[in-house]
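Inspection log for the structure reproduced underneath, given as structure tokens.
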2 protein chains.
Amino acid sequence: MVTVARTSLSDRSDLTDLSDSSARSARSWADRGDAFDPDCPTRVVLDRVGDKWTALVIGALSEQVLRFTELRAAVGGVAPKVLTQTLRALERDGLVTRTVHAQVPPRVDYELTDLGRSLIVPIAALTDWAETHVGEILAARERSDSAVSAGSM
Amino acid sequence: MVTVARTSLSDRSDLTDLSDSSARSARSWADRGDAFDPDCPTRVVLDRVGDKWTALVIGALSEQVLRFTELRAAVGGVAPKVLTQTLRALERDGLVTRTVHAQVPPRVDYELTDLGRSLIVPIAALTDWAETHVGEILAARERSDSAVSAGSM
DNA sequence: CCGTATCCATTGTGATACTG
DNA sequence: CAGTATCACAATGGATACGG
């Protein structure tokens, strides 16, 4: 159930007609939100998933429960402070559980929640697209960059 | 809608099928990359899609070709400098074409390329997930935040 | 109309060292 | 082991004004 909070976009319909002729889907892209709205669903998720380590952490945890240090190694040596930030954010959003075992030395397990596991699907769609098309992006990038330098010669 | 998730990643259920069809997807999460590697496919795409305006711009352009000012209104009044940055990045990556019409006053059209259009699918998977589950995230967030303030009382 | 130029606040990220 | 504390820095993002 969506009820996107729409502040500016729908009001400022000084565009010709954005949703009329192309009303092929019930909910148009234009309704999907305003980046200024902190509760815009897409923004909430993109702000979390788009950061540097979240996708990697979720990927690592999708395979198995991991401890802090294991996680740190799994994602390639992130600084502990940053990993802690990432994990706290994931925990706060209900995507990861943090379990402290009363032991010496301490043992803390991180595990995906059901919600976190469900996020694997759309992330996989993105990583899948990325692996398929990153070549085209990189090629376009090189073409563009070399065109710039060629233009200045 | 969306109908994404051809289960490319989720079928990494243990070791079973290394079948050819998912030769690419058969790679485990651990192989998907290192965030330090600037050419890691997921990073390249996430760095682009995860920024503040790209998803909205692609969404707007998915419905129709738009001019600079139309785009600006469509995504909710982004500052021109930032919109230019976003569009230049998209153009450089081959996701958007920029067409200048020799007219007075000038007219510049922005349009998705085939590559850009193909990106709509995984983005839709993400926005779809976001709209479905943002409530759970926000609820978890509130629970977590109120637990913190309660704990300090 | 379609941008660029300038300045600035905020945030994200990281290295390093230290502690219960 | 599992973090925290501190400092530093680069990258975003935004407001405003101006130019071709």
Side-chain angles (χ1 to χ4, degrees), chain A residues 7-8 14-16 34-38 40 43-44 46-57 60-61 65-93 96-111 148, chain B residues 34-38 40 43-44 46-57 60-61 65-92 96-111 148:
Chain A
T7 51
S8 65
D14 44 338
L15 289 185
T16 44
D34 173 357
F36 282 134
D37 178 4
C40 164
R43 271 262 59 77
V44 170
L46 237 35
D47 283 347
R48 180 100 6 272
V49 166
D51 79 353
K52 195 160 185 181
W53 300 103
T54 293
L56 252 19
V57 167
L61 290 179
V65 176
L66 288 173
R67 304 173 60 173
F68 187 87
T69 308
E70 293 170 338
L71 211 31
R72 209 189 152 188
V75 299
V78 55
K81 189 195 74 171
V82 177
L83 182 56
T84 299
Q85 283 176 351
T86 304
L87 289 169
R88 291 286 190 273
L90 288 170
E91 195 191 356
R92 186 172 98 106
D93 287 354
V96 159
T97 57
R98 175 174 179 272
T99 309
V100 183
H101 301 276
Q103 300 179 4
V104 183
R107 174 194 184 91
V108 180
D109 286 339
Y110 291 93
E111 184 174 12
V148 167
Chain B
D34 172 358
F36 283 133
D37 178 4
C40 164
R43 271 262 60 77
V44 169
L46 237 34
D47 283 346
R48 180 91 17 265
V49 166
D51 78 354
K52 194 159 186 181
W53 299 104
T54 293
L56 251 20
V57 166
L61 291 179
V65 177
L66 288 173
R67 304 173 59 173
F68 187 87
T69 309
E70 292 171 336
L71 211 32
R72 209 189 152 188
V75 299
V78 55
K81 189 196 73 170
V82 177
L83 181 57
T84 300
Q85 284 177 351
T86 304
L87 289 169
R88 291 287 191 273
L90 288 170
E91 194 191 355
R92 186 172 99 106
V96 159
T97 57
R98 176 174 179 270
T99 309
V100 183
H101 301 276
Q103 301 179 5
V104 183
R107 173 193 185 92
V108 180
D109 286 338
Y110 290 94
E111 184 174 10
V148 167

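Only this structure's heavy atoms are used, side chains among them; waters, hydrogens and symmetry mates stay out. Residue numbers start from 1 in every chain, and the chains themselves are labelled A, B, ... in the order their sequence lines are given, proteins ahead of strands. Given the structure is predicted, the values throughout are model-derived calculations rather than measurements.
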Using whole Å, report how far CG of A:D47 lies from P of C:dT13.
11 Å

Rounding to 10 degrees, work out the angle separating the end axes of the helix from C:dC1-D:dG20 to C:dG20-D:dC1 (five pairs an end).
50°

When you match A:R72 and A:D51 each to their closest nucleotide on DNA chain C, which lands nearer the 5' end?
A:D51

Heavy atoms only: give me the nearest B:R67-B:D109 pair and the separation to one decimal.
CG-OD1, 3.4 Å

Find which nucleotide of DNA chain D each of A:E70 and B:V78 is nearest to by heavy atoms, and output the residue with the more 5' nucleotide.
A:E70

Less than 4.0 angstrom between a side-chain N/O of B:R98 and OP1 or OP2 of C:dG3, yes or no?
yes

From CZ of A:F68 across to C1' of D:dC1 the rounded distance in Å is 10 Å

Check every atom of D:dG20, D:dC1, C:dG3 against the side chain of B:Y110 and return the nucleotide holding the closest atom.
C:dG3

Output side-chain donor-acceptor pairs under 3.5 Å for residues 77-92 of chain A, partner residues at least two apart or in another chain, one line each.
residue	atom	partner	partner atom	Å
A:T84	OG1	A:P80	O	2.9
A:T86	OG1	A:V82	O	2.9
A:R92	NH1	B:D145	OD1	2.8
A:R92	NH1	B:D145	OD2	2.6

Which of residues 79-93 of chain A have a heavy atom under 4.0 Å from DNA chain D?
A:P80, A:K81, A:T84, A:R88

Please state whether the phosphate of D:dA2, meaning OP1 or OP2, lies under 4.0 angstrom from any side-chain nitrogen or oxygen of A:T69.
yes

I want to check one thing: is the phosphate of D:dC1, taken as OP1 and OP2, less than 4.0 Å away from some side-chain N or O of A:R67?
no

If you only use heavy atoms from C-beta on, which nucleotide in C:dT13, D:dG14, C:dC1 is closest to the side chain of B:W53?
D:dG14

Please pick, from D:dA2, C:dG14, D:dG13, the nucleotide with the shortest atom-to-atom distance to any side-chain atom of A:P106.
D:dA2

